[in-house]
Amino acid sequence: MEKTTSYPKWDAPYFTGKKIEKIYCFPWCTEKFHPENTIRFQSRANAEQAGYRPCRKCCSTLPIGAWTDKQSELTLVVPKEFSFNENMKYLSKEPNECLFYCKNHRIYRAIPIEAETPVVEIRSDQDNMLHIRFLGTTMPSCKWIRAEVARYVRDWFDLDTDLRPFYDLAKSDALLQRAVTTFSGLRNIGIPDLFEAICWGIIGQQINLPFAYTLKRRLVKAFGRSIECDDETYWIFPSPHDIAALTIEDLKRLQMTGKKCEYLIGVAQLMVEGKITKEQLGNCGDYKKAENMLVKIRGIGPWTANYVLMRCLRMPSAFPIDDVGLHNAIKYLQGTPQKPTKAEIVKLSATWTNWEAYATFYLWRFLY
């Protein structure tokens with residue numbers, strides 16, 4: 001990646017420097033600041049000339065050489081263990097998905113970044129490249145926003161995870177061997193936004209997947225926002241502020257249960273108040289601490305917590321062991337009339353340490 005000091009378009013209106021740590025941040029960074037420890041810079045160049053380095057949380061941390069910025073189109077280098085075809089098959093499985101769509105072997109979605117909402121087309125012309133083209137008039141004017149789009153797509157496809165150790169482990173595993181052979185190159189397609197991930201986990205509790213997608217679509221169209229681009233409508237998931245202001249009756253109109261309505265509004269209010277954030281969960285140190293933080297929230301049990309940690313926080317040990325889909329996938333692979341017991345799953349997964357999330361995701365794939 002180019003040195004940021006050469007590109008004024010990376011700049012925000014100003015940057016905040018932390019004197020002791022010698023780092024600088026965008027104005028909207030979630031880092032904690034003590035006023036007496038701060039200094040303001042007018043540009044990245046000013047901050048770097050003063051000896052400050054970029055904050056890892058808010059300034060681009062894309063790996064060097066991982067992307068190319070052509071302004072109207074970005075190119076991402078992908079690992080060898082990545083198959084666009086396998087990931088397209090996964091993303092194309094649900095016709096009722098409302099936040100993106102697949103057409104002609106391309107993926108289309110709107111990606112909100114601060115005050116802008118770029119609309120992108122994602123395609124792969126080569127095995128080791130992803131191309132992100134900005135549609136209509138939505139190309140971001142600032143390089144840092146384009147970098148955030150690149151980082152979002154890398155996160156969505158989990159491109160920073162090295163799958164080679166997982167594949168090595170799977171070669172001698174009775175369940176995973178067939179999974180990695182059948183779906184080689186599949187990634188744990190994520191849900192980068194924490195609020196969306198928690199809402200999706202709550203919505204999907206104790207109902208079938210098609211109805212869960214129907215409820216999600218109703219929620220997005222009733223309380224989210226949309227952007228028009230090239231004669232298409234692109235939807236953006238509601239923010240915590242959007243949902244926190246609702247009443248239970250507002251949500252019950254979507255045919256959700258009263259309890260789920262309460263849970264969604266409660267989570268939204270916690271996030272608006274800053275009592276639960278992606279950074280807090282990520283800084284827990286291990287997934288068990290993060291799981292404990294989540295299950296203290298009304299409406300979030302172990303399954304939902306592990307689902308969120310798996311799909312949003314990318315915690316490799318997250319393991320929704322009570323998931324019915326996981327049980328059915330194991331039953332299918334073993335060719336048994338009954339689903340496995342929890343004790344049997346614990347035994348079967350004994351060698352999956354630090355790969356439980358990927359093992360689950362690959363086994364789920366057999367259900368489709």
Side-chain angles (χ1 to χ4, degrees), residues 30 91 94 96-101 109-113 117 152 155-156 188-226 234-282 290-291 293-315 318 320 322-325 357 361 364:
T30 57
L91 291 170
E94 181 46 61
N96 207 19
E97 172 61 58
C98 59
L99 297 178
F100 61 86
Y101 71 92
R109 80 174 299 163
I111 302 176
I113 308 290
T117 308
Y152 184 97
D155 186 12
W156 192 23
N188 178 5
I189 304 294
I191 306 174
D193 178 70
L194 177 62
F195 183 60
E196 179 189 339
I198 294 177
C199 288
W200 182 226
I202 291 173
I203 288 170
Q205 292 171 1
Q206 299 179 327
I207 59 174
N208 62 50
L209 200 57
F211 187 49
Y213 274 104
T214 296
L215 290 181
K216 174 183 168 182
R217 177 178 285 273
R218 290 173 184 170
L219 179 73
V220 170
K221 290 195 171 184
F223 305 110
R225 63 183 179 89
S226 64
Y234 295 86
W235 289 93
I236 294 92
F237 198 83
S239 71
H241 285 85
D242 294 326
I243 303 302
L246 300 178
T247 66
I248 292 173
E249 292 303 317
D250 291 330
L251 288 177
K252 285 182 75 173
R253 296 189 187 101
L254 308 180
Q255 291 188 304
M256 285 191 196
T257 64
K259 288 295 185 185
K260 286 187 181 181
C261 299
E262 292 176 17
Y263 299 158
L264 292 180
I265 293 171
V267 167
Q269 290 172 344
L270 288 174
M271 294 193 73
V272 168
E273 294 165 5
K275 294 179 179 177
I276 182 73
T277 68
K278 193 173 181 178
E279 290 73 25
Q280 290 168 359
L281 291 168
E291 181 188 31
M293 182 183 292
L294 284 171
V295 297
K296 290 178 182 177
I297 299 171
R298 188 165 177 263
I300 298 181
W303 179 88
T304 304
N306 277 273
Y307 184 85
V308 170
L309 296 179
M310 172 184 171
R311 301 293 304 280
C312 182
L313 276 295
R314 302 298 191 181
M315 294 192 174
D322 295 316
D323 181 76
V324 174
F361 194 77
W364 276 344

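Only a predicted model underlies this, so the values are computations on that prediction, with no experimental measurement involved. All values below were derived from every heavy atom in this structure, side-chain atoms included, with hydrogens, water molecules and symmetry-related copies excluded.
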Task: Residue pairs passing the salt bridge (Lys or Arg N to Asp or Glu O under 4.0 Å) test where at least one lies in residues 294-307, sequence neighbours excluded - done: Glu262-Arg298

TODO: Can you tell me which residue pairs pass the salt bridge (Lys or Arg N to Asp or Glu O under 4.0 Å) test with a partner in residues 203-218, sequence neighbours excluded?
DONE: Glu97-Lys216

Nearest-0.5 Å distance that lies between atom [atom1] in [X] and atom [atom2] in [Y]:
X: Leu313; Y: Ile191; atom1: CG; atom2: CD1; answer: 11.5 Å
X: Phe223; Y: Leu264; atom1: CZ; atom2: CG; answer: 10.5 Å
X: Leu91; Y: Ile189; atom1: CG; atom2: CD1; answer: 5.0 Å
X: Leu254; Y: Lys221; atom1: CG; atom2: NZ; answer: 13.0 Å

Task: Any side-chain heavy-atom pair of Leu209 and Tyr213 under 4.5 Å - done: yes

- [ ] Please test Tyr263 against Ile300 for side chain to side chain contact (heavy atoms under 4.5 Å, CB included), starting from the C-alpha separation and ending with a verdict.
- [x] CA-CA 8 Å; Tyr263 299 158; Ile300 298 181; over 6 Å; no

Task: With sequence neighbours excluded, residues passing side chain to side chain donor-acceptor pair (under 3.5 Å) with Trp364 - done: Asp323

- [ ] Could you pull out all residues at least two apart from Asp322 that satisfy side chain to side chain donor-acceptor pair (under 3.5 Å)?
- [x] none

Could you pull out every donor-acceptor pair under 3.5 Å between side chains of residues 195-207 and any protein atom, sequence neighbours left out?
{"residue": "Trp200", "atom": "NE1", "partner": "Tyr307", "partner atom": "OH", "Å": "3.2"}
{"residue": "Gln205", "atom": "NE2", "partner": "Gly299", "partner atom": "O", "Å": "2.9"}
{"residue": "Gln205", "atom": "NE2", "partner": "Thr304", "partner atom": "OG1", "Å": "2.8"}

List for me each residue that meets side-chain contact (heavy atoms from CB on, under 4.5 Å) alongside [X], sequence neighbours excluded, and say none if there are none.
X: Asp242; answer: Pro238, Ser239
X: Thr117; answer: Ala110, Pro112, Arg225, Ile227, Ile236
X: Arg314; answer: Asp155, Asp158, Asn188
X: Cys261; answer: Ile248, Leu251, Lys252, Met256

- [ ] Please report the shortest heavy-atom distance between Ile265 and Ile243, naming the atom on each side.
- [x] CG1-O, 3.9 Å

TODO: Write down the atom of Pro320, the atom of Asn306, and the distance for their closest heavy-atom approach.
DONE: N-CB, 3.8 Å

Task: Glu94: partners by salt bridge (Lys or Arg N to Asp or Glu O under 4.0 Å), with sequence neighbours left out - done: none

Task: Reference residue Phe100; test ring pair (Phe, Tyr, Trp, His ring centres under 6.0 Å); the match among Tyr152, Trp156, Tyr234 - done: Trp156

- [ ] Only counting residues at least two apart or in another chain, list the ones meeting ring-ring contact (aromatic ring centres under 6.0 Å, His included) with Trp235.
- [x] none

Validation: residues 268-276 side-chain donor-acceptor distances under 3.5 Å, sequence neighbours left out:
{"residue": "Glu273", "atom": "OE1", "partner": "Lys275", "partner atom": "NZ", "Å": "3.1"}

